[in-house]
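Atoms within each ligand, like the ligands themselves, are counted from 1 in listed order.
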Amino acid sequence: MAKKIYLFDTSLRDGEQAPGIHLNVREKLEIAEQLDKLNIDTIEAGFPISSKSDFNSVVEISKKIRNRYIAALARAVPQDIDVAGQALENAVNPVIHTFISSSDIHLEYQFKKTRDQAIVLAADAVKRARKYTDMVEFSAMDATRSDRDYLCRMYEAAIKSGAKILNVPDTVGYALPEEYAALIDYIINNTAGIEDVIISVHCHNDLGLAVANSILAVQHGARQIEVSVNGIGERAGNAALEEVAMIIDTRKNDLNVSTGVNLKEIMRTSTLVRHLTGYAVAPNKPIVGKYVFTHEAGIHQDGMLKNRTTYEIMKPEDVGSQASKLMLGKHSGRHAFVKRTQELGFNLSDEELEKAFAGFKELAEKKGEISDDDLKAIVNNEIREVEEYFSLKYYQVINGTSIKSTATVGLEVNGNFAESASYGDGPVDASFKAIENITGMKVMLVEYSIEAVSGGRDAIGAVKIIVRSGDVEAMGSGISTDVIEASIKSYLDALNRIMLSKKS
Ligand code: KIV
Ligand code: ZN
């Protein structure tokens, strides 16, 4: 029988450490709910000591998600562990994931600890974590650049202190597949008590080997893989959940392992994470890229028409991705809209449906035909609007090659109408300056990107921005067929998030 491989998702912890990703509690909860639908085994919900928002995310996810293991990260430091334990108080299946480095490079230059001191700290951390839960995971950070015998001594100390999962991080994404596999073999053969614990792998993708290393490690005895949706994470990210799940499914007869992942939720999960994090997915990204099930070359199309298996090892339907079948438009009624959103995997409440349908009608009036990609963008945008302190009433720009751009913007500010005009270096700058005049909020624009959601000159433009106000960074997104309007909406979305973070 195929051996079960546990998937531990770290999108909300390691993923959230990626530059430019800032998820609030509500957004993290939404991703956790989607991971629940995906049937993931463990959700690493945050690093509670690191911020109030991380602490609250772990608390809220623990309350809401009852069927999964919920993990919280803690350094091998008493206060970290106590705070993680408190954050997990409501979890049905809590996991404290504690870590310390095992490599000489980290111990000497970063932690200023001797090898012996680090082992004592690891053992104490696991013992302390066991006061809060039986399920303690211990990670030896930078394991792949550590002395192997020392690493095994550290793991033995963790096992003796009560760890149930030993994680072997390739923290800097340096290991070659055969080296990593040999390390797993070495740990299995040289660590007393290893047969009583689960070996977990956590591979970073700096050299593009995270998924390959994780799969090979499983063939050498690892039982848990740490993954993230779309591969988000520190630097080049972590092993991509969707790739790991589909490799294991597609090659199940050869690997003889299985995950419990509900594959049909993969696309939906990827889209949600892409939307909420603002991290784009390359069109050729395995499994979830826009074109990975599209056959362009004549010879491939010919083969596909004769028999799909000539050029297709997986079906788009397997991962919940469907070729667009039905085009909705301004004449489409609520019934067709509801049916299509359900087919795309959305399960909307009545209130969400009202908002999404209104957004759809508004856009269909302007654009005519609405594709599946448009529809996903509209629904995602409408159902998770942040509480609106500022909202757009109207805008007007005067712009051209030989004149200075001018924008006039009217906003509703906490229920009252206010308007202002400004010059600027282009229509977006002029609009943002007019908004600054109204709101009095001076923020720095850290990032701005625009993407066409679907094809055609009338495609929806999706604008993502990151702004900074003091030490608070906020992400904003907005969509419209008019890119100036999309820019204004994303800017207001970011300002609303700043207002929200000031309140909490
Ligand atoms: O990459 C790493 O080493 C980590 C640990 C905290 C597990 O993320
Ligand atoms: Zn990591």
Side-chain angles (χ1 to χ4, degrees), residues 6-19 21 42-51 54 58 69-77 80-81 83-84 87 95-107 109-111 113 118 121-122 125-126 129 135-146 150-151 154-155 158 163-175 179-180 183-184 187 197-211 213-214 217 222-241 244 277 279:
Y6 303 98
L7 292 188
F8 174 112
D9 182 89
T10 187
S11 308
L12 301 179
R13 198 279 296 169
D14 212 316
E16 225 246 346
Q17 284 171 219
I21 297 188
T42 303
I43 299 172
E44 188 166 42
F47 187 5
I49 193 88
S50 69
S51 70
D54 258 48
V58 175
Y69 282 98
I70 307 298
L73 187 71
R75 289 167 300 184
V77 170
D80 276 37
I81 291 162
V83 172
V95 181
I96 295 184
H97 174 193
T98 185
F99 71 100
I100 191 165
S101 284
S102 52
S103 71
D104 289 336
I105 313 176
H106 281 204
L107 291 178
Y109 296 111
Q110 189 185 4
F111 290 87
K113 297 279 179 230
L121 288 172
V126 173
M135 205 41 128
V136 174
E137 169 168 330
F138 172 73
S139 283
M141 192 158 72
D142 208 17
T144 50
R145 293 192 300 166
S146 305
Y150 172 67
L151 182 65
M154 189 179 254
Y155 283 143
K164 291 280 160 56
I165 302 169
L166 293 185
N167 189 27
V168 188
D170 184 22
T171 303
V172 291
Y174 179 72
E179 279 170 3
Y180 196 55
L183 179 62
I184 303 294
I187 293 167
V197 301
I198 288 175
I199 298 181
S200 172
V201 289
H202 176 108
C203 296
H204 277 272
N205 205 28
D206 300 64
L207 296 174
L209 290 169
V211 170
N213 285 351
S214 305
R223 292 293 302 275
Q224 174 173 284
I225 305 182
E226 305 203 349
V227 290
S228 65
V229 180
N230 300 336
I232 57 171
E234 278 280 353
R235 308 180 310 281
N238 292 81
L241 185 160
V244 166
T277 59
Y279 257 45

Task: Per-atom contacts of ligand 1 with Ser139, taking only distances under 4.0 Å to non-hydrogen atoms - done: 7 (C)
- [ ] Show which atoms of ligand 1 fall inside a sub-4.0 Å distance from at least one heavy-atom site of Asp14.
- [x] 8 (O)
- [ ] Compute the shortest N/O to N/O distance between Asn167 and ligand 1 and return yes if it is under 3.5 Å, no if not.
- [x] no
Task: Heavy-atom side-chain proximity of Glu226 to Asp14 below 4.5 angstrom - done: no
- [ ] Might you point out which heavy atoms bring Ser228 and Asn238 nearest each other, and give the distance in Å?
- [x] OG-CB, 3.6 Å
Open item on the list: Using heavy-atom distances only, which candidate in Glu234, His97, His106, His202 approaches atom 4 (C) of ligand 1 most closely?
Closed with: His202
Task: For the Zn ion (ligand 2), every protein N/O/S atom that sits closer than 2.8 Å, waters excluded - done: Asp14 OD2, His202 NE2, His204 NE2
- [ ] Indicate the atoms forming the closest heavy-atom contact of Leu207 with Tyr174, along with that distance.
- [x] CD1-O, 3.9 Å
TODO: State which residues pass side-chain contact (heavy atoms from CB on, under 4.5 Å) with Ala240; sequence neighbours excluded, sorted by chain then number.
DONE: Glu242, Glu243, Lys285
- [ ] Could you establish whether Glu226 and ligand 1 come within less than 4.0 Å of each other, counting only heavy atoms on the residue side?
- [x] no
Task: Shortest non-hydrogen contact between Met135 and Ile165, atoms and distance - done: SD-CD1, 4.4 Å
TODO: Just need the protein heavy atom nearest to atom 1 (O) of ligand 1, so name the residue and atom and give the distance.
DONE: His204 NE2, 3.0 Å
TODO: Flag yes if more than 12 heavy atoms outside Phe99 fall under 6.0 Å of its CZ atom; otherwise flag no.
DONE: yes
- [ ] Would you check if Phe111 and Met141 make a side-chain contact, meaning some heavy-atom pair closer than 4.5 Å?
- [x] yes
Task: Side chain to side chain, Tyr155 and Ile187, heavy atoms closer than 4.5 Å - done: yes
TODO: May I ask you to identify, for Thr171, whether its side chain, its backbone, both or neither come under 4.0 Å of ligand 1 on a heavy-atom basis?
DONE: both
Task: Ile184, Asp170, Asn213, Leu183 screened by side-chain contact (heavy atoms from CB on, under 4.5 Å) with Val201, the one that passes - done: Ile184
Open item on the list: Please tell me whether Glu179 and Thr144 have a donor and an acceptor in their side chains that are separated by less than 3.5 angstrom.
Closed with: no
Open item on the list: So, regarding Asp142 and ligand 1 (criterion: nitrogen or oxygen to nitrogen or oxygen, under 3.5 Å), is there a contact or not?
Closed with: no
Open item on the list: Show me which atoms of ligand 1 lie under 4.0 Å from any heavy atom of Met141.
Closed with: 3 (O)
TODO: With heavy atoms only and a cut-off of under 4.0 Å, state how Arg13 meets ligand 1: side chain, backbone, both or neither.
DONE: side chain
TODO: Report yes or no: does Ser101 contribute a side-chain atom to a donor-acceptor pair with the main-chain N or O of Asp142 at less than 3.5 Å?
DONE: no
